[in-house]
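Written out below as structure tokens is the structure these notes cover.
No experiment lies behind these values; they were computed from the predicted model shown.
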Amino acid sequence: MSQASQIDPAKLAAARAAVALVQDGMRLGLGTGSTASVMVRELAARVAAEGLTLRCAATSKATAGLAESLGLTVESLDAIGWLDMTIDGADEVDPQLHLIKGGGAAHLREKIVAAASDRMVVIADPGKVVETLGAFPLPVEVLQFGFETTRKLIRRALDGLDLGERDVLQRLAGSDALVTDEGNFILDLHLGEIPDPAALSRALQGIPGIVEHGLFLGMCDLAIIGREDGSVVELARDADIDADMLAHEGD
């Protein structure tokens with residue numbers, strides 16, 4: 001069985017559609033996560049087949065290692081200076097193309113890379129499309145120093161937004177605290193629903209000790225949603241998203 005046949009067909013369809021947007025000479029941001037890893041493999045295959053010349057910045061050590069192992073040229077973001085496009089996955093996508101990211105604990109680097117790009121393209125399967133953000137726990141990267149104080153301040157901010165009594169849990173790697181590539185901890189906010197993502201973003205940004213949160217608001221330019229039949233739906237901002245339609249295997 002080939003490697004492609006073992007990959008989720010919706011993820012593979014989205015990855016291939018995004019890679020088709022890549023042009024020779026581009027400066028690319030490479031995302032992190034299961035769908036992004038499919039994209040990196042598809043990109044490497046296209047580069048090998050067509051002899052494309054690309055400069056790539058990775059959003060995590062894991063992505064950098066994968067990309068380099070497949071023959072892609074990976075440089076630091078500062079060395080490249082600016083990116084034409086970033087292709088990344090998402091844990092949730094809403095109708096305004098607001099995102100929750102950070103399931104792979106890389107949202108700090110992912111946000112920096114996306115902000116340094118002319119265009120952010122998100123690839124996902126239909127299960128990531130939601131009407132309202134929040135069912136997926138919101139990752140918040142925090143300094144190790146004053147960790148419990150920061151958690152207390154986060155709880156206070158949630159109370160002020162009528163989001164109190166929610167679990168604010170430290171992410172673990174096995175039995176130990178997960179440590180990000182930047183040496184920080186992750187708190188996952190189990191909110192269930194985020195009625196006002198912009199208000200929550202502002203509240204979290206004002207808390208000392210928080211390095212970055214996983215709300216990506218107004219950053220995604222295009223979402224490519226793969227379907228099980230191998231087709232894709234491309235969504236621009238403010239598009240009407242019908243989760244049932246996206247999951248349907250063609251007409």
Side-chain angles (χ1 to χ4, degrees), residues 1-91 99 101-125 139 141 171 173-174 178-184 186 211-212 214 216 219-222 224 226:
M1 182 178 296
S2 68
Q3 184 181 52
S5 66
Q6 301 177 54
I7 298 172
D8 180 275
K11 293 181 178 181
L12 182 59
R16 284 177 171 169
V19 168
L21 299 175
V22 175
Q23 299 177 17
D24 189 35
M26 270 190 166
R27 299 158 298 174
L28 293 177
L30 306 180
T32 295
S34 60
T35 308
S37 68
V38 176
M39 176 274 298
V40 171
R41 293 183 182 280
E42 290 296 310
L43 179 65
R46 187 177 168 208
V47 168
E50 301 179 25
L52 302 180
T53 299
L54 305 175
R55 300 179 69 186
C56 301
T59 57
S60 67
K61 294 177 181 178
T63 294
L66 174 62
E68 289 174 336
S69 74
L70 296 170
L72 294 174
T73 300
V74 177
E75 304 175 55
S76 72
L77 179 60
D78 286 343
I80 297 175
W82 194 259
L83 304 174
D84 298 298
M85 181 168 63
T86 287
I87 305 174
D88 206 346
D91 298 300
L99 317 171
K101 290 179 52 56
H107 57 280
L108 171 58
R109 290 194 184 188
E110 288 171 334
K111 192 172 283 190
I112 292 171
V113 169
S117 304
D118 287 334
R119 190 182 192 196
M120 182 186 190
V121 175
V122 164
I123 51 177
D125 60 76
E141 185 161 345
R171 192 180 303 181
L178 183 146
V179 178
T180 69
D181 284 350
E182 306 305 320
N184 302 311
I186 296 284
V211 182
E212 191 53 82
F216 284 55
M219 301 187 74
C220 177
D221 298 292
L222 175 69
I224 300 177

* To do: Would you please test Ile123 and Val38 for side-chain contact (heavy atoms from CB on, under 4.5 Å) and show each step?
  => CA-CA 10 Å; Ile123 51 177; Val38 176; over 6 Å; no
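- Annotation: side chain of Leu83 is in contact with side chain of Val113 (closest heavy-atom distance under 4.5 Å).
- Summarising the geometry, atom OG1 belonging to Thr35 is positioned 7.5 Å from atom CG belonging to Asp8; distances are rounded to the nearest 0.5 Å.
- To the nearest 0.5 Å, atom OG1 of residue Thr63 and atom CE of residue Met39 are 7.5 Å apart.
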* **Leu21/Val19 under side-chain contact (heavy atoms from CB on, under 4.5 Å): CA gap, chis, key distance, verdict** => CA-CA 5 Å; Leu21 299 175; Val19 168; over 6 Å; no
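- With sequence neighbours left out, the salt bridge (charged side-chain N to carboxylate O under 4.0 Å, His left out) criterion links Arg119 to no other residue.
- Evaluated for a side chain to side chain contact (heavy atoms under 4.5 Å, CB included) with Leu54, the options Val74, Asp84, Val47 yield exactly one hit, Val47.
- Arg171 places no side-chain N or O within donor-acceptor distance of the main-chain N or O of Val179, the cut-off being under 3.5 Å.
- Within the 4.5 Å cutoff, the side chain of Met85 has no heavy atoms near those of the Ser117 side chain.
- Of all heavy-atom pairs spanning Gly226 and Ala13, the tightest one is CA-CB, 4.3 Å.
- Looking at every heavy atom in both residues, Gly103 comes nearest to Pro139 through N-CG, 4.2 Å.
- Side-chain contact between Val40 and Ile87 is absent, with no heavy-atom pair separated by less than 4.5 Å.
- Evaluation of the side-chain contact (heavy atoms from CB on, under 4.5 Å) rule for Ile112 yields Leu77, Leu108 as partners, not counting sequence neighbours.
- Here the side chains of Ile186 and Thr180 are in contact, with some heavy-atom distance below 4.5 Å.
- Considering all non-hydrogen atoms of both residues, Ala17 and Ile224 come closest at CB-CG2, 3.8 Å.
- Between Ala44 and Leu72, the shortest heavy-atom distance links the atoms CA-CD2, 3.9 Å.
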* Asked: Between Leu43 and Val22, is a side-chain contact (heavy atoms from CB on, under 4.5 Å) present by the stated rule, with each step listed?
  -> CA-CA 8 Å; Leu43 179 65; Val22 175; 4.1 Å; yes
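- The two residues Asp181 and Lys61 make their nearest non-hydrogen contact at OD2-N, 3.0 Å.
- Side-chain contact check for Glu182 versus Arg109: some heavy-atom pair is nearer than 4.5 Å.
- Looking only at side-chain heavy atoms (C-beta outward), Thr73 and Arg55 stay at 4.5 Å or farther from each other.
- Ala79 meets the side-chain contact (heavy atoms from CB on, under 4.5 Å) test with Glu75, Ser76; sequence neighbours excluded.
- A 4.5 Å side-chain heavy-atom check between Leu52 and Arg46 finds at least one atom pair inside the cut-off.
- Closest of all the heavy-atom pairs between His107 and Gly214 is CD2-N, 3.7 Å.
- Judged by distance alone, with hydrogens and angles left aside, the side-chain atoms of Asp125 form no donor-acceptor pair with the main-chain N or O of Ala10 at under 3.5 Å.
- Not counting sequence neighbours, Asp91 has no partner by the salt bridge (charged side-chain N to carboxylate O under 4.0 Å, His left out) test.
- From Lys111, atom NZ reaches atom CZ of Phe216 across 5.0 Å, with rounding to the nearest 0.5 Å.
- Thr86 has its side chain out of reach of Leu28: every pair of non-hydrogen atoms, C-beta onward, lies at least 4.5 Å apart.
- Side-chain atoms of Thr59 come within 3.5 Å of backbone atoms of Leu30 as a donor-acceptor pair (strictly under, hydrogens ignored).
- Residues that satisfy the side-chain contact (heavy atoms from CB on, under 4.5 Å) test with Ala106, not counting sequence neighbours, are Thr32, Ser60, Glu110.
- Between the CD atom of Glu68 and the SG atom of Cys56 there is a distance of 10.0 Å, given to the nearest 0.5 Å.
- With sequence neighbours excluded, the residues satisfying side-chain contact (heavy atoms from CB on, under 4.5 Å) with Ala90 are Val93, Leu99, Lys101, Val122.
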